[in-house]
Amino acid sequence: MTTAHYVVLSAILFSLGVLGVLIRRNAIIVFMSVEMMLNASNLAFVAFARQAGNLDGQTIAFFVMTVAAAEVVVGLAIIMTIFRTRRSASIDEPNLLKY
Amino acid sequence: MILTSALATAATSVVAEGSTHGEVIAPSVNAAANATGTFSLIWLLLAFPILGALVLLLGGRRTNKWGHLLGTLMPIGSFVVAVMLYFAMLAQPANSRPVNQHLWDWIVVGGFNVPVALQLDQLSMVFVLLITGVGSLIHIYSISYMSNDPNRRKFFGYLNLFVAAMLLLVLADNYLLLYVGWEGVGLASYLLIGFYIYKPSAAAAAKKAFIANRVGDVGLSIAIMLMFVTFGSVTFPGVLDNVSGASATTNTVIGLMLLLAACGKSAQFPLQSWLLDAMEGPTPVSALIHAATMVTAGVYLIARSNAIFDATPAARTAVIVVGSITLIMGAIIGCAKDDIKKALAGSTMSQIGYMIVAVGLGPIGYVFGIFHLLTHGFFKANMFLGAGAVMHGMHEELDMRRYGALRKVMVITFITFSCGWLAIMGVPPFAGFYSKDKIIEASFAVGWIPGLVTLLGAGVTAFYMTRLWTMTFMGKPRWTIENEHPHEAGPLMWIPMAVLAVLSVIGGFVLAWGNAIEVWLTPVVGFEHAEGPIPVPVLEGLSLGLVAIGAVIAYLQYRREVPLTPPQHVTPLTVAARNDLYGDAVNEAVFMRPGQWLTRSLVFFDNRGVDGVVNGLAATFGGLSGRMRRLQTGFARSYALTMLGGAVLIVGALFLVRL
Amino acid sequence: MNLDVIASAQVGSNGGAEIVFWVCAVIAVSGAVGMLVSRKPVHSALFVAMTMVSLAVLYLALDAPFLGMVQIIVYTGAVMMLFVFVIMIVGVDASDSLVETIRGQRWPAIAFTAGFAALLIGAIVNGLQGAPDPSLALANAADGGNVQGIARLIFTKYALAFEITSALLITAALGAVLLTHRERHTPKATQEDLSRKRFREPGHPGNLPPAGTYARHNAVDTPALLPDGSPVPESVPGPLHERGSVRPVNAGATDEVRSLAGGHTVITEDGGHVQQSDDFDNGPEAGDKP
């Protein structure tokens, strides 16, 4: 398929990830939506790597995966810590920035 | 003010009629030479009183013991130097008498060059002698007059300050330095009128004097600015030698502005209201400042600027009109005052009106205006000092209705005062006769109205001066020895009075002998012999007749009963005169009330308008931010939504641009 | 090998590549949608895993075999399982309700997202028109394989990024340890303390009878029976109780147990019989039949 197909798919997945961040209240599901967005961008990288004819895009995607893994680790640790004290995993709970 | 406009139109129409042909001698002095020899001492004239003022005012209470003596020695020192300079000047030929002593360069900015330089010519010499001479006498008088005052030292400090400023005024060689002296005498006048600071009326009078002076000072500032713009210089030669190069309108405006300044300083209409209130100051102040010297500064200014006035008949007419009005006003006011000093003040106002008329007449009158200024300085100072002696003798009582028959107990005062009285009336051979009659002659030469006004003024002058003299010295005593016990003044007081009395007697005669004063001043101000419609002897006879009539009427009326309280059934003119011809009422109605209304409305606009705008702006922002803070819900998801909204906008914009 | 099929499908746009793309694309998108609408977080996690696997297949189709494998191993295998474990610890709670509590959040979000997607797609289609046919055959062959090519890039051109990423990983691990550390506020309970506590509290102090004693079944969800035939609730794990998947007691089984306890023989359905015994403590003996 042409590169455009893959990148359009990537755009769709990305948008769905964004929607997930905006709509769901559970912190873990929001986090998973962020992972979805990262995956979508990885797909775009790899598609463009094939388009450009070199492997740089794939290398970048590889690094993105690594960083995403590290991010998931720390993020979930934070969520667990918050859950311990608050007993709730809703991201609407901490609203101290309210006017 | 129908009177004003009538006089104005009449004067302009009539001025042209009078015949002034006769030989005209234009001012003919050479440019001022550098000051050498004796003339290098000119700066000492100023240095003495400045030193005295500094020491006395800065030295404080430490100098109380000898302060008055130092304060008196300084003007005496200046007088000695003045006499030396006079003799040195006499030795010079007439046209080379002016000398200029350059002290230092004051303002040097581009084309604007103003030095601090002193110019001594015949005109300023006359003034210097008057100021230092009469000033020294008054200083001696004050030693005794102010002996009971704890602030005597400060008084002498201020007097020295005044003498210094007045000398600077007449010795300056450019208008800007003259302005410095002008302001200085205004300041000294304020300080001295308000000398009794614990009296609210004195403070108010000082403020009034200063404010009226200020209005005149605006005129002088504008004139100086115009001079710089038109002539490129403010020195006397720079301006006066180039008058013909400027347009008639410019000259007229400058002349009118100078007239405004003179009105302020010399208490002429319409800025005359402060002079009577200025009598709140101690009597030596009234004698020195408000009789002999400061109030004559306006006359000096006009005489000095003779070239400008010679070039503008319109400004000259204005001068004559102003002088005439003031002449009559002062005379009428003086008739109705029971306070001896206020009556003398009204007289001063009137006599200066004479001088202003004289210098407004042009070359036919400059010399006589200055002549009358000199003689007036003698006899008016004399009479003020006499009034001070009377007040001291009567325990500071000012009301003439409580005087009467003081000739019996205060003999020396009576004699000296009478010399002054005869002089001011113009009785020959006393001083006033020579000067005043010449003015009347010159007025007739210019027009009927000025002539008639000055003639009538002479009669009224005789009336009110005789009234004053009679109420004070003649008639029956309205006091008792036990209660008031009036006594003669001490020697330090009557010796200066005696000196001035002698001058009142012989001063006019001496100065008119061989036309000495004419000859002396002509090279500076120019001279033209006046040929009037009425021959001189007839005029002299007329004026003497009017004087006699006025004097006799007053003597007869006030020799008899003088009620202790002012009578209530009097003519409206008397009522008006008692109220200073409603001068204060006019000032209040025209300036003070509108001014207060203006400030009140401005305050209102500031509070509502300006503050309203500012506060409204603040309230708007407060309200806006109150609405907008509701966007901060605290939910991370709504923040994410707004971020997405922004991202959509940016991507959309980029997309559109690329499209 | 599947890889060969897919690899041969790369050259030129033949039907193989198309089919792979369309199938995987549909799976991926439906996985994403499933993640969005699932009620339970575990279901969302599994849907995401599904998407990631299909993405791995797409990578394979895009001449990136190494990356595809790494996707499955690292992303799906490690990251998503980490998610599942955390869901287990955090547990179920009411925040999973799909009702939107913030006003003006759901529909504007959907609208903006749709617009965003439309813009992106428009930009992509617009920008990629007339692009030449892509192929990575040359690049992959340059170093003798895809893995070797990526390795060369990582260790030469992107060596600095590599080092920094490794530092990042270390930091992340340390951070996780630090964040989840629970400070002990009270002294750790010793065995003696635990033992005392066990005997002071009401309830059974000793070990509970393991499943199987008088048991008729050895399933975890079948409760053990006491000698009088009543089931022992503690013999079934707690979560099963909460889920309500405890098997009910079989009436026939209780009769059997009762008769056995009373010392009667019970003949089972398959013909075997159990000999009664007076000696309950000895358990089966050598002569007993099995």
Side-chain angles (χ1 to χ4, degrees), chain A residues 1-9 11-20 22-26 28-29 31-33 35-36 39 42-43 46-47 49-51 53-56 58-59 61-63 65-74 76-81 83-84 88-90 92, chain C residues 13 17-18 21 25 28-29 32-33 35-36 41 44-45 48 51-52 55 58-59 62-64 67 70 74-75 78-79 82-83 86-87 89-90 93 95-96 101 106 109-110 113 116-117 120-121 124-125 128 131 134 136 138-139 149-150 153-154 158 161 165 168-169 172-173 175-176 179-180:
Chain A
M1 297 309 297
T2 64
T3 311
H5 285 88
Y6 287 101
V7 183
V8 166
L9 172 64
I12 294 176
L13 288 178
F14 188 87
S15 313
L16 287 171
V18 167
L19 201 57
L22 291 174
I23 291 200
R24 296 303 299 255
R25 248 195 330 279
N26 195 331
I28 302 182
I29 300 194
F31 215 33
M32 279 195 271
S33 310
E35 288 305 308
M36 177 70 66
N39 272 292
N42 267 355
L43 180 61
V46 176
R50 187 170 82 126
Q51 170 73 34
N54 58 31
L55 292 174
D56 283 49
Q58 294 186 12
T59 317
F62 176 72
F63 279 120
M65 279 187 210
T66 317
V67 171
E71 167 211 347
V72 164
V73 162
V74 177
L76 287 177
I78 292 175
I79 291 179
M80 278 211 332
T81 314
F83 175 76
R84 267 196 216 144
S88 157
S90 159
D92 283 348
Chain C
S13 56
E18 281 202 44
F21 172 77
V29 171
V33 171
M35 171 198 81
L36 276 182
S44 292
V48 172
T51 303
M52 288 187 180
L55 279 184
L58 282 176
Y59 289 163
L62 282 171
D63 297 340
L67 225 52
V70 167
V74 170
Y75 240 126
V79 171
L82 191 57
F83 266 107
V86 170
I87 291 172
I89 294 179
V90 166
D93 57 4
S95 69
D96 281 358
T101 50
R106 176 169 285 178
I110 294 179
T113 313
F116 190 61
L120 280 180
I121 292 172
I124 292 163
V125 168
L128 281 174
L136 267 178
L138 279 169
I150 293 183
L153 274 180
I154 288 178
Y158 298 110
T165 311
L168 176 69
L169 282 171
L179 278 170
T180 51

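Proteins get letters first, then strands, A, B, ... in listed order; numbering begins at 1 in each.
In this structure, chain C has heavy atoms under 4.5 Å from both the backbone and the side chain of A:Leu43. Heavy atoms of A:Met32 lying under 4.5 Å from chain C belong to its backbone as well as its side chain. In this structure, chain C has a heavy atom under 4.5 Å from the side chain of A:Leu13, while its backbone stays farther away. Contact of C:Leu128 with chain A is made through the side chain alone, with heavy-atom distances under 4.5 Å. In this structure, chain A has a heavy atom under 4.5 Å from the side chain of C:Thr51, while its backbone stays farther away. For chain A, the nearby parts of C:Ala109 are the backbone and the side chain; heavy atoms of each come within less than 4.5 Å. With a 4.5 Å cut-off on non-hydrogen atoms, C:Leu55 touches chain A through its side chain but not through its backbone. Only the side chain of A:Phe14 comes within contact range of chain C, with heavy atoms under 4.5 Å apart.
Listed for the C:Arg106 side chain is no donor-acceptor partner under 3.5 Å among the backbone atoms of A:Ile23.
Taking chain C as the reference chain and counting heavy-atom pairs below 4.5 Å, the highest number among A:Gly17, A:Gly20, A:Ser33, A:Ala61 is found for A:Ser33. Between chain C and the residues A:Val46, A:Asn39, A:Val74, the most heavy-atom pairs under 4.5 angstrom are made by A:Asn39. Between chain A and the residues C:Val48, C:Leu82, C:Leu120, the largest count of heavy-atom pairs under 4.5 Å involves C:Leu82. Ranked by non-hydrogen atom pairs under 4.5 Å with chain C, the options A:Ile12, A:Ile78, A:Ile79 are led by A:Ile78. Annotation: maximal heavy-atom pairing with chain A below 4.5 Å, among C:Phe83, C:Tyr158, C:Phe116, occurs at C:Phe83. Counting heavy-atom pairs closer than 4.5 Å to chain A, the top-ranked of the candidates C:Val125, C:Leu169, C:Val74 is C:Leu169. Note: A:Thr59 leads A:Val18, A:Thr59, A:Asn54, A:Thr81 in heavy-atom pairs under 4.5 Å with chain C.
Between C:Thr165 atom OG1 and A:Phe62 atom CZ the span is 8.5 Å, to the nearest 0.5 Å.
Between the side chains of C:Tyr75 and A:Glu35, at least one donor N or O sits under 3.5 Å from an acceptor N or O.
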